[in-house]
Amino acid sequence: MTHARAPHWGDMLDRTLNNPGEALFGRTDAEAVGWAVSCEPVSYPEAVAAMEARAAAIAEGTAGELVWLLEHPPLYTAGVSAKPADLIDPDRFPVFESGRGGQFTYHGPGQRVAYVMLDLTRRGRDVRAFVAALEAWVIGALDAFNVRGELRDGRVGVWVARSSPAREDKIAAIGVKLRKWVSFHGISLNVEPDLDHFAGIVPCGVTAHGVTSLVDLGLPVTMDEADAALKASFAQVFGRIVEAAPPIP
């Protein structure tokens, strides 16, 4: 089993996880990133509109960076590389076109979605380093629960090796978009979603492997506990955090 990036990126990941004082993808001015959590489910169209507005404001210099954690009602989204044949059950849940990278994915209750609106101009304008930082963030959060998150050649996201039976399941998805060097969309971590809901699509176009969650792995992790792990790992990878209000009350 091989990692999805060259050794250089693996070295960066190892350095981040082993050196808490050194942010892999921190701002040049060390300004804090807003950290917001929505307690109620947010509709996908409302979330996208709020993200796009915030990303535009960040690009204009009128708003600060923001990470927005939320849950969606059950739905499917199609990334820019989505193939129509991968939508197996189009009538099961609402389907939304998405400008993010990637193919089809599912969002729903029990899955922590984190929308990441960062100014990459202040972080080196390195897209590969940004994706590596997102991977490091998720892997660091999983490490808090003694879960080994791994990367695979040709497969986006974070994977978990299972032993009985031997297989690999996806536990987190990554799909981002950049506009004027400001990111939006982000990551989704399966905490305790209904895994059967993924059956209406071919997740990320991968047919040979499945999906899993922290609870499916036998870990009774709550959403609050997952959020705490994501928060700690994010600060280690991206820099300081400050509490903020969500874009949608």
**Report entry** Exercise: identify the closest heavy-atom pair between P247 and A50
**Finding:**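 Between these two residues, the closest heavy atoms are CB-CB, 3.8 Å.
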
Requested in this report: Considering non-hydrogen atoms only, spot the tightest contact between A47 and H72 and give its length.
Outcome: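 In this case the closest contact between A47 and H72 is CB-CE1, 3.6 Å.
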
Query - Side-chain heavy-atom pair D169, V211 within 4.5 angstrom cut-off - result: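 No - every pair of side-chain heavy atoms lies 4.5 Å or more apart.
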
**Report entry** Side-chain heavy atoms of V237 within contact of L134, under 4.5 Å
**Finding:**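 A side-chain contact under 4.5 Å is absent here.
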
**Report entry** Other ILVMFWY residues reachable from L66 by side-chain steps of under 4.5 Å
**Finding:**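 Direct or chained contacts put L66 with V42, Y44, V48, M51, I58, W68, L70, L75, F96, V113, Y115, M117, V182, F184, I248.
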
Report task. Flag yes if more than 12 heavy atoms outside E192 fall under 6.0 Å of its CD atom; otherwise flag no. Result ->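 It does not: E192 CD has 12 such atoms or fewer within range.
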
Query raised in the report: Should the ring pair W137 and F234 be called parallel, tilted or perpendicular, given that the plane angle runs from 0 to 90° and is split at 30 and 60?
Result: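 Rings of W137 and F234: perpendicular, over 60°.
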
Report task. Measure the acute angle between the ring planes of Y106 and F93, then classify it against the limits of 30° and 60° as parallel, tilted or perpendicular. Result ->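 Aromatic pair Y106/F93 classed tilted.
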
**Report entry** Verify same cluster id: V215, F198 (apolar side-chain graph, 4.5 Å)
**Finding:**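 In one cluster: no.
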
Query raised in the report: R155 side chain to K170 main-chain N or O, any donor-acceptor pair under 3.5 Å?
Result: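 Side chain of R155 to backbone of K170, a donor-acceptor pair under 3.5 Å: no, none is there.
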
Query raised in the report: For the side chain of E65 and the backbone of V33, is there at least one donor-acceptor N/O pair under 3.5 Å apart?
Result: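 The answer is no, because no donor-acceptor pair under 3.5 Å joins these two groups.
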
Report task. Classify the side-chain pair R100/T105 by whether it contains a donor and acceptor separated by less than 3.5 Å. Result ->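 No, no side-chain donor-acceptor contact under 3.5 Å.
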
Query raised in the report: Should the pair R122-E31 be classified as a salt bridge under the 4.0 Å nitrogen-to-oxygen rule?
Result: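 No, no charged N to carboxylate O under 4.0 Å.
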
Query raised in the report: Is it true that F104 and Y76 have ring centroids separated by less than 6.0 Å?
Result: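 Centroid distance F104-Y76: not below 6.0 Å, so no.
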
Query raised in the report: With K177, which residues qualify under side chain to side chain donor-acceptor pair (under 3.5 Å), at least two apart?
Result: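 With sequence neighbours excluded, K177 shows a side chain to side chain donor-acceptor pair (under 3.5 Å) to no residue whatsoever.
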
